[in-house]
> 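What follows is a structure written as structure tokens; I'll ask about it next.
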Amino acid sequence: MDASYKTLLVEKRGQVDWLTLNRPEALNSISVDMVGELNDYFGKLYHDRSVRVVVMRGAGKAYCAGLDIKEHGGRDPGAIPFGGGFGFQGWLADVYIKMRRCPQPIVSLVHGPACGGGFAFALASDIRIAGESARMNAAFIRIGLSSCDMGVSYFLPRLVGASIASELMLTGRFIQAQRALAVGLVAEVVPDDQLEVAAQPWVDDLLNASPMGLRMTKEGLNMAIDAGSLEAAMAIENRNQLMTAGSKNFAEGMRAFIEKRKPEYTPE
């Protein structure tokens, strides 16, 4: 366990970090300390080749209930982080940018409420698995704000389409686990106490990719979603394939496939 954080638990299992939001007494709501620690954690991941996959979850009864409104209301104005000139808004927003920028795929295990900024944590992940108790919403609009916050207006329509995104963002209604599965927002729904077990096959499949191939697939997919043309997307694909084909792990992957065995990749 990484003992340097107060609001997060980081358990290292080989090449996988199991990251737990650890404020169960507050439904893992987002505090100033949590934002600082998430910025630190995801920022460091960009330069950490030893971590290949991140599994993100919440302790206790919730994934993340969103902003800690009680703390937010009583905060000393002089202690608000600069956040690129946008204060706390910009400081928290940077967490989601770092989640997308880090080369490691993020698998989120969502149970209980995932609201507002907590919903955005799930959306910023690469794969989402829901517990049966999961319920997610763009809670911002229910407290007098716009639902276009923390990347939700970017992530959600790309995941479920503009129609469902409009429904959820304009009303703040909850989407429950089974409907989230039906619209493709989550990959599967399992009993809450089976979330960790359900995550393992996904982790295993991710680790069966070569280190460079996995990183470049996340990067290439991010770029292709916003590519201006087929040619622009293919330019990234061609670059990625030439780079991965030049790796010694490509030859190992080919041998393992022919020999019907698990590949033994080396760090790269």
> Below 4.5 Å, heavy atoms only, C-beta onward: do Val190 and Leu195 meet side chain to side chain?
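Of all side-chain heavy-atom pairs linking Leu195 with Val190, at least one is under 4.5 Å.
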> Check Arg23 with Asp68, please: is the shortest side-chain N to carboxylate O separation under 4.0 Å?
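Answer for the salt bridge query: yes.
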> Could you tell me which non-hydrogen atom of Leu21 sits nearest to which non-hydrogen atom of Cys64, and how far apart they are?
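Closest approach of Leu21 to Cys64: CD1-CB, 3.8 Å.
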> Could you report the tightest heavy-atom contact between Tyr46 and Pro103, atom names first, then the distance?
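Looking at all heavy atoms of both residues, the shortest contact is CA-CD, 3.8 Å.
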> Counting only heavy atoms not in Glu264, do more than 12 fall under 6.0 Å of its CD?
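Atom CD in Glu264 is not packed in, count stays at 12 or less.
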> Taking the side chain as C-beta and beyond, is there a heavy-atom pair between Asn39 and Lys98 under 4.5 Å?
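Side chain of Asn39 against side chain of Lys98, heavy atoms only: contact under 4.5 Å found.
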> Rounded at 0.5 Å granularity, tell me how far CE in Met212 sits from CG in Asn249.
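It comes to 8.0 Å.
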> What distance do Ile30 atom CD1 and Met150 atom CE have between them, rounded to the nearest 0.5 Å?
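Output value for this atom pair is 8.0 Å.
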> Between atom CZ of Arg57 and atom CD of Glu196, what is the distance when rounded to the nearest 0.5 Å?
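Output value for this atom pair is 4.5 Å.
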> What about Phe155 and Val186, same hydrophobic cluster or not, with Ile/Leu/Val/Met/Phe/Trp/Tyr joined at side-chain heavy-atom distances under 4.5 Å?
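Yes, same cluster.
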> Is it true that atom CZ of Arg49 has more than 12 heavy atoms of other residues, nucleotides or ligands lying nearer than 6.0 Å?
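No, not enclosed.
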> Check side chain to side chain donor-acceptor pair (under 3.5 Å) between Arg52 and all other residues, then give those that pass, not counting sequence neighbours.
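If we apply the side chain to side chain donor-acceptor pair (under 3.5 Å) test to Arg52, skipping adjacent residues, there are no hits.
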> Check whether any side-chain heavy atom of Phe174 lies under 4.5 Å from a side-chain heavy atom of Cys115, and answer yes or no.
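A side-chain contact under 4.5 Å exists here.
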> Closest heavy-atom contact between Tyr63 and Ala122?
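In this case the closest contact between Tyr63 and Ala122 is OH-N, 3.5 Å.
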> Evaluate side chain to side chain contact (heavy atoms under 4.5 Å, CB included) for Val32 paired with Trp91, printing each intermediate quantity in order.
CA-CA 9 Å; Val32 172; Trp91 198 44; 3.7 Å; yes
> Does the Glu37 side chain pair with the main chain of Tyr5, one donor and one acceptor, at a distance under 3.5 Å?
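Absent.
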> Is there a continuous path of hydrophobic side-chain contacts, each under 4.5 Å between heavy atoms, that joins Leu207 to Val107?
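Same cluster: Leu207 reaches Val107 through Ile, Leu, Val, Met, Phe, Trp or Tyr contacts under 4.5 Å.
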> Give a yes or no on whether Trp18 atom CH2 has more than 12 heavy-atom contacts from other residues, nucleotides or ligands under 6.0 Å away.
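Above 12, so yes.
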> Could you pull out all residues at least two apart from Arg128 that satisfy side chain to side chain donor-acceptor pair (under 3.5 Å)?
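Arg128: no side chain to side chain donor-acceptor pair (under 3.5 Å) contacts found.
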> Return the CE to CG distance between Met34 and Asn28, rounded to the nearest 0.5 Å.
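One finds 5.5 Å between CE of Met34 and CG of Asn28.
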> Is a side-chain donor or acceptor of Ser247 paired with a backbone partner of Met243 at a separation under 3.5 angstrom?
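Looks like no, no N/O pair under 3.5 Å.
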> Minimum heavy-atom separation for Ala130 to Ala177, with atom names?
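Ala130 and Ala177 have their closest heavy atoms at CB-CB, 4.2 Å.
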> Filter on ring-ring contact (aromatic ring centres under 6.0 Å, His included), then keep only pairs touching residues 97-119, sequence neighbours left out; what's left?
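Every candidate ring-ring contact (aromatic ring centres under 6.0 Å, His included) pair involving residues 97-119 fails, so no pair, neighbours aside, qualifies.
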> Would Asp17 and Tyr41 count as having a side-chain donor-acceptor pair, cut-off 3.5 Å?
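Side chains of Asp17 and Tyr41: pair found under 3.5 Å.
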> Does any N or O in the side chain of Asp94 come within less than 3.5 Å of the main-chain N or O of Gly90, such that one atom is a donor and the other an acceptor?
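No; zero donor-acceptor contacts below 3.5 Å.
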> Would you list the pairs meeting side-chain hydrogen bond (donor to acceptor under 3.5 Å, both in side chains) in which at least one residue belongs to residues 212-222, sequence neighbours left out?
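As it turns out, the side-chain hydrogen bond (donor to acceptor under 3.5 Å, both in side chains) pairs with a partner in residues 212-222, which skip direct neighbours, are Arg100-Asn222, Asp126-Lys218, Glu219-Arg239.
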> Decide whether Val110 and Leu123 are clustered together by the hydrophobic rule: side chain heavy atoms of Ile, Leu, Val, Met, Phe, Trp, Tyr closer than 4.5 Å, transitively.
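Yes; tracing contacts between hydrophobic side chains, which count when under 4.5 Å, links both residues.
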> Heavy-atom distance under 4.5 Å between the side chains of Glu132 and Val189, does that happen here?
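Side chain of Glu132 against side chain of Val189, heavy atoms only: contact under 4.5 Å found.
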> Check whether any side-chain N or O of Glu268 sits under 3.5 Å from a backbone N or O of Lys248 as a donor-acceptor pair, and report yes or no.
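No, Glu268 side chain to Lys248 backbone: no donor-acceptor pair under 3.5 Å.
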> Find out whether Phe88 and Val35 are in side-chain contact, i.e. whether some heavy atom of one side chain is under 4.5 Å from a heavy atom of the other.
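Result yes, sub-4.5 Å side-chain heavy-atom pair found.
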> Pick out which of Leu38, Asp33, Asn22 makes a side-chain contact (heavy atoms from CB on, under 4.5 Å) with Leu8.
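Going through Leu38, Asp33, Asn22 one by one, the side-chain contact (heavy atoms from CB on, under 4.5 Å) with Leu8 is satisfied by Leu38 alone.
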> With sequence neighbours left out, which residue pairs that include part of residues 157-170 fulfil the side-chain hydrogen bond (donor to acceptor under 3.5 Å, both in side chains) condition?
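Non-adjacent pairs meeting side-chain hydrogen bond (donor to acceptor under 3.5 Å, both in side chains): Arg158-Asp226, Glu167-Arg179.
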> Nearest 0.5 angstrom please: Ser147 OG to Arg142 CZ, how far?
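With rounding to 0.5 Å, OG (Ser147) is 9.5 Å from CZ (Arg142).
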> Same hydrophobic cluster for Met99 and Leu206, using side-chain heavy-atom links shorter than 4.5 Å among ILVMFWY?
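Cluster IDs for Met99 and Leu206 differ.
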> Would you compute the distance between atom CZ of Phe42 and atom CZ of Arg101 and round it to the nearest 0.5 angstrom?
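Atom-to-atom, Phe42:CZ and Arg101:CZ are 13.5 Å apart.
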> With a 4.5 Å cut-off on side-chain heavy-atom distances among I, L, V, M, F, W and Y, is there a chain of contacts connecting Ile175 to Leu27?
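Ile175 does not cluster with Leu27.
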> Does any non-hydrogen side-chain atom of Phe121 lie less than 4.5 Å from one of Ile106?
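Result no, sub-4.5 Å side-chain heavy-atom pair not found.
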> Which heavy-atom pair separates Gly112 from Ser133 by the least distance, and what is that distance?
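Looks like N-OG, 2.9 Å.
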> Tell me every residue that passes side chain to side chain donor-acceptor pair (under 3.5 Å) with Asn208, counting only those two or more places apart in sequence or in another chain.
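Once residues adjacent in sequence are excluded, Asn208 has no partner under the side chain to side chain donor-acceptor pair (under 3.5 Å) criterion.
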> Using every non-hydrogen atom in the two residues, find where Gln176 and Arg135 come nearest and quote the distance to one decimal.
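For Gln176 and Arg135, the tightest heavy-atom pair comes out as OE1-CB, 3.4 Å.
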